[in-house]
Amino acid sequence: MLFLVGDFQVDLLIKNGTLVDNAGLYPGNLGIVDGKIAIIFHGDKGYSADKVIDATGKLIFPGIIDSHVHFQLQDLGKIISTDSFASGSKAAAFGGVTTFIDFADQTRGESPLKGFQNRRQTADGHVAIDYSLHVSKTDLEYLDEIPTLIQEGVTSFKFFTTYSWRKLDLTDGQLVSFFQEVRKQRGFVVGHCENDSMVQYYRNQLISDNKTDPIFHAHSRPHLVEEEAMQRVILFARRTGVHLHLAHITTKQGSDLLAQAKSENLRISGETCPHYLLLNEKAYTSPEGYLNLMSPPLRHTKDQQALINHLRIATIDQIVTDHCEFSRKSKGEGKLPFNKVLNGIPGIETSLPLIHDLLVNSKKITYPQLIQMMSSNPAKLFGLYPQKGSLQIGADADLVIFDPLMSQRISPQILHYEIDWNPYTNFQVTGWPITTILRGEILCDNGKFVGQPNGGVFLKREHLNYVKS
Ligand SMILES: [Zn+2]
């Protein structure tokens with residue numbers, strides 16, 4: 001980090017705070033010019049500013065980057081989730097998130113480029129924070145569009161090993177061809193890894209035995225479902241040389257596989273979500289257990305401990321939310337068998353304070369580790385660093401002013417989603433984002449939205465550099 005002293009006119013000055021990035025904590029003042037971080041300095045002289053924020057006692061983080069988000073989720077062309085890009089991105093801003101990466105899903109047989117353009121059309125001009133897109137491939141048609149998509153700023157291509165009943169999965173043969181092509185074009189793949197045939201087998205068995213309560217959702221996708229699929233795609237990645245990013249790891253076994261692959265120097269990375277750390281299978285047995293259905297499902301306490309340990313030792317690189325918001329009504333109000341309930345829970349607004357409370361307040365990780373997991377690592381992997389995810393001079397002034405001592409009880413009433421429930425209701429946390437700044441503009445301040453509701457822009461992402469090839 002560079003410290004300068006001297007006369008300097010800035011648009012916005014944040015003074016007396018403690019700056020936190022992926023490398024350390026530094027007391028200092030930060031000045032912003034034209035939306036960029038322009039100066040960082042000690043002391044009390046040599047500057048003038050249009051606006052000054054006194055951040056005494058507060059921490060200043062680079063904006064949080066949530067690289068796995070589903071706003072305004074569509075299924076077969078119909079919007080099925082409760083939020084829009086507008087409402088979701090605004091809620092995200094309240095949570096200190098300044099960049100999100102959503103998905104453009106290819107409909108089988110159709111052009112992924114068209115899917116990407118449609119998704120951009122839906123989001124552009126409606127987002128409060130900056131965003132980008134992954135493209136999900138659901139068949140091998142139009143593989144020749146990958147280079148164009150990469151030119152358009154998409155570097156990451158999602159695949160599913162399950163959801164055959166929704167025509168989303170790629171078969172093993174298709175996966176290998178897909179990996180080869182993405183590798184050739186120097187993109188990388190992001191995998192939702194669950195064994196499709198096991199999921200179908202267990203699910204059919206449970207339903208035919210009339211075991212339809214929410215807990216049986218977890219039983220229908222046991223640990224082996226994740227472990228087998230991850231092991232298989234790691235093998236395919238090993239043989240094709242593509243960089244593989246494992247989405248939402250939930251099990252001890254899955255995180256152990258990631259650790260092993262990393263120890264063998266494979267090009268691999270992985271993420272987990274706050275709900276896999278904070279909630280477990282018990283959440284399915286509460287009266288409103290149906291609300292907590294997502295895939296992969298919640299696990300056991302020993303998995304929670306293993307995931308936390310693998311975050312601590314940097315096996316798991318990132319925390320993302322897989323945010324996907326549904327109303328009670330769209331989740332069936334508890335009247336549906338588990339296999340008919342829409343999968344997904346909200347998370348983007350609460351991830352920073354929850355993870356801070358769970359891991360930093362308990363001293364399991366340090367502040368720089370928090371920034372690595374939630375800002376700089378996703379920025380690096382997804383080709384946005386150092387423009388995003390850093391406090392370097394010249395970087396976008398995407399910042400969170402965080403009060404590490406503010407105590408907050410989470411409830412739907414204090415959050416900004418479109419729903420009246422939250423999986424973390426009554427969780428008490430210490431530490432809360434106070435002010436969120438996007439490219440120098442204050443978006444949220446002390447619980448009020450004060451910025452442009454549509455000031456976010458699409459971010460073209462950089463090519464992954466296969467240094468080791
Ligand atoms: Zn997802």
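Each residue takes its place number in the sequence, starting with 1. Remember, predicted model here, so these are calculated numbers, not experimental data. Read the numbers this way: they start at 1 and go in the same order the structure lists the ligands and their atoms.
- Proximity of the aromatic rings of H134 and F188 is defined here by a centroid distance below 6.0 angstrom, and this criterion is not met.
- For K137 and F157, the positive end is not near the middle of the six-membered ring at less than 6.0 Å and at most 45° from its axis.
- Here the N, O or S atom of D322 that is nearest to the Zn ion (ligand 1) is OD1.
- Metal site remark for the Zn ion (ligand 1): H68 contributes an N, O or S atom at a distance under 2.8 Å.
- Inclusion of H70 in the first shell of the Zn ion (ligand 1) is supported: an N, O or S atom falls under 2.8 Å.
- The aromatic ring centroids of F100 and Y131 lie less than 6.0 Å from each other.
- Classified by interplanar angle (parallel below 30°, tilted 30° to 60°, perpendicular above 60°), the ring pair F160/H192 is tilted.
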